[in-house]
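For clarity, every value in this text was computed on a predicted model and none was experimentally measured.
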Amino acid sequence: MRALYDSKSKGNDRGIQALLTRDAKIESWLTVEAALADAQAEEGFIPRKAADNIMENAKLDRIDLEEMERIKEKVGHGFVPFVKVLVKACDEESGKYVHYGVTTQNIQQTAQLYTAYRIHRIFKSYIVDILEHLGRLADEHAETVMAGRTHGRHAIPITYGYKVSVWISELLNAVQRMEECEKRVFQVMAGGAVGAFNATGETGYRVQQRMSEKLGMYTMPVPSRNISSHKEEYIMNLALLCNVLHKMAEEVYYTGLEEFGEVSEAFQEGTIGSSTMPQKINPKLAKGIIANSQKLYSMVSLGLFSSVRMFEGDSSSYMLYDRMMEEALELTTEVLMRAEELTDTIRINKERMYQNAMLNHGLDNSECVMMRIAGKLGKDQAHQLLYDKAMKVELEGKDYLTVLKEDKILAENFTEQELKDMILPENYTGLSSFLAHKMAREARRIASQLREEM
């Protein structure tokens, strides 16, 4: 499984794909091995001269990648060949201390999380831009009236800015989860074969702490190879992040249908939507967000089943999580690239939104009329009164304003103009505008804060 690519995959991935190549993976192993040697030398576990030599040669251009592949074919192990060529790159004495007191999974998992942490920071840069775009949209359309919808049908009016405020609110929650999980997810593991520091003792525990400082990461309290919950948490958080963007994409996808016509993706002349239908203009950004998000969700349950493997380590779980983490990062990249462009270029059709809000000729404002008369009749009686009026419209095809004017109770309490005003959608949007502006400010505040931290 990999990310789902299409013509929109050619966007700016901000260097993420370069961090997921084979060479980048090997470089991350080298970075961790260098940090290990340096930390061990500081603790007096290996000679400083040996550590310096290891650090000097733990570079991609110093190791023989072709030899590594030849050894791999012979020994059938994915990491031992790497250790052998790194040993060979060092001088004879220093080579004795390469990969000292640790095991394969220590280096591979730490290196993968090191890479993920770097990508995590790039993800934040996309989120900053998306928050700024959404803040602008919320402000610009705080007063743009549209039909609120529940259960697939009209409810009561809102504004488009309010809809965007909902997205901002959920996205800010996702940001909070992403930041709070960092100390639990991006951890250095250097406990050896079963995670109990059998080969290195208390010195190894201190070495792990030093490594985390050198790599800009956190230290794993108990570096058991059996623990996968931190990786599972991160994949879950990516899924929740993409879920917000997926929700936005679904709205764009469906309200962009000709029958709605309320929003659309930006369209550039020359873009082709179909090989057989010349008129087709398809939602390319939204569909990529939807597809890649859905694929990402499948990994959450898959990881939960795998993370409970018994005993102190199991390669079936490592293999799965190693691949899942890479794929989750790729899928999230595709979602974020598209979401950043979509939120920056989305087109809003104000006139069509208002036209749709008026499809029921004011019937959507029944609650408004009900609440105005409830003060005199009580809520239950007012609800029954307006329910009866709504049924006349629905079942008898009558005009709503006419039905309201014909009612004796309503006519005694309201003028015709007051009834007309009560059923105009722009007169019953609640705090839509207030919430739109409030969340726009919050989006800009958090975006600015994140930008300063990057």
Side-chain angles (χ1 to χ4, degrees), residues 1 25-26 28-29 32-33 35-37 39-40 43 45 71-84 86 97-117 181-212 215 217-239 296-329:
M1 287 169 50
K25 178 186 289 187
I26 296 170
S28 69
W29 294 348
V32 175
E33 290 283 6
L36 170 66
Q40 288 178 329
E43 287 293 332
F45 195 66
I71 297 172
K72 184 177 179 180
E73 289 181 11
K74 181 180 179 181
V75 303
H77 191 283
F79 194 75
V80 167
F82 163 79
V83 174
K84 289 185 176 298
L86 178 55
Y97 299 100
V98 168
H99 197 65
Y100 207 61
V102 294
T103 193
T104 297
Q105 185 66 14
N106 291 169
I107 303 301
Q108 287 186 326
Q109 176 173 297
T110 299
Q112 186 177 57
L113 292 176
Y114 172 74
T115 297
Y117 201 10
C181 80
E182 290 178 5
K183 60 183 177 293
R184 291 187 298 276
V185 173
F186 304 113
Q187 297 181 339
V188 170
M189 170 205 276
V194 296
F197 298 98
N198 296 59
T200 58
E202 290 184 15
T203 302
Y205 189 80
R206 294 193 297 272
V207 164
Q208 179 177 279
Q209 291 177 309
R210 287 183 180 273
M211 284 178 66
S212 65
L215 295 170
M217 297 171 69
Y218 301 86
T219 189
M220 198 169 181
V222 179
S224 168
R225 295 163 61 193
N226 181 256
I227 295 175
S228 297
S229 54
H230 56 315
K231 292 176 282 186
E232 178 69 13
E233 178 182 5
Y234 192 60
I235 293 172
M236 281 184 169
N237 283 338
L238 292 180
L296 176 59
Y297 305 154
S298 68
M299 295 183 181
V300 174
S301 60
L302 190 61
L304 289 171
F305 282 114
S306 178
S307 64
V308 296
R309 296 293 297 175
M310 65 188 75
F311 306 131
E312 281 58 60
D314 192 295
S315 60
S316 66
S317 184
Y318 310 151
M319 289 166 60
L320 185 65
Y321 263 107
D322 285 350
R323 181 59 61 87
M324 279 173 52
M325 182 65 78
E326 285 185 20
E327 291 175 5
L329 294 170

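- Proximity of a side-chain donor or acceptor of Q208 to a complementary backbone N or O of M220 within less than 3.5 Å is detected.
- When side chains are defined from C-beta on, V83 does not count as touching L86, because their heavy atoms never get closer than 4.5 Å.
- With values rounded to the nearest 0.5 angstrom, H99 atom NE2 is found 11.0 Å from K84 atom NZ.
- Rounding to the nearest 0.5 Å gives a distance of 11.5 Å between CG of L320 and CE of M325.
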- Please walk me through it: do L238 and M299 pass side-chain contact (heavy atoms from CB on, under 4.5 Å)? CA-CA 11 Å; L238 292 180; M299 295 183 181; over 6 Å; no
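- At least one side-chain heavy atom of L215 sits less than 4.5 Å from a side-chain heavy atom of V188.
- Of all heavy-atom pairs between V75 and P81, the closest is CG2-CG, 3.9 Å.
- Heavy-atom neighbours of R309 CZ from other residues, nucleotides or ligands within 6.0 Å: at or below the threshold of 12.
- Note that the CZ atom of F186 and the OG1 atom of T110 stand 13.0 Å from one another [nearest 0.5 Å].
- In this pair, Y218 and Y117 present their aromatic rings tilted. The plane angle is within the 30 to 60° band.
- The two residues K183 and Q187 come nearest to each other via the heavy atoms O-NE2, 3.1 Å.
- Summarising the geometry of Y205 relative to P221, their closest heavy-atom pair is CE1-O, 3.9 Å, with the distance given to 0.1 Å.
- Under the 4.5 Å side-chain criterion, counting only non-hydrogen atoms from C-beta, I227 is not in contact with M189.
- Scanning all heavy atoms of the two residues, the minimum distance from Y234 to A116 falls at OH-O, 4.4 Å.
- To the nearest 0.5 Å, atom CG of residue N106 and atom CE of residue M211 are 8.0 Å apart.
- Minimum heavy-atom separation, G192 to R225: O-CD, 3.8 Å.
- No donor-acceptor distance shorter than 3.5 angstrom exists from the side chain of E233 to the backbone of R184, with no hydrogens or angles considered.
- Checked by atom type and distance alone, the side chain of S306 never pairs as donor or acceptor with a backbone atom of G303 at under 3.5 Å.
- We find the CE-CG distance between M324 and L302 to be 5.0 Å, quoted to the nearest 0.5 Å.
- Side chain of Y297 to main chain of A239: no donor-acceptor pair is present (N/O by atom type, distance under 3.5 Å, no hydrogens or angles).
- The main-chain N or O of D322 is found under 3.5 Å from a side-chain atom of Q112 such that the two form a donor-acceptor pair.
- Under the 4.5 Å side-chain criterion, counting only non-hydrogen atoms from C-beta, T103 is not in contact with F79.
- When side chains are defined from C-beta on, L36 counts as touching E33, because their heavy atoms get closer than 4.5 Å.
- Nearest approach of V308 to L304, heavy atoms of both residues: CG1-O, 3.9 Å.
- Here NE2 of H230 is found 10.5 Å from CD1 of I235. Values are rounded to the nearest 0.5 Å.
- Within the 4.5 Å cutoff, the side chain of Q40 has no heavy atoms near those of the T203 side chain.
- By the 4.5 Å heavy-atom criterion applied to side chains, P223 and F197 are counted as neighbours.
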- Task: Please test I71 against V80 for side-chain contact (heavy atoms from CB on, under 4.5 Å), starting from the C-alpha separation and ending with a verdict.
- Result: CA-CA 8 Å; I71 297 172; V80 167; 5.6 Å; no
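- Of the candidates E232, E326, Q109, E232 is the only one forming a side-chain hydrogen bond (donor to acceptor under 3.5 Å, both in side chains) with Y321.
- Side chains of T219 and Q209: a donor-acceptor N/O pair is absent below 3.5 angstrom, by distance only.
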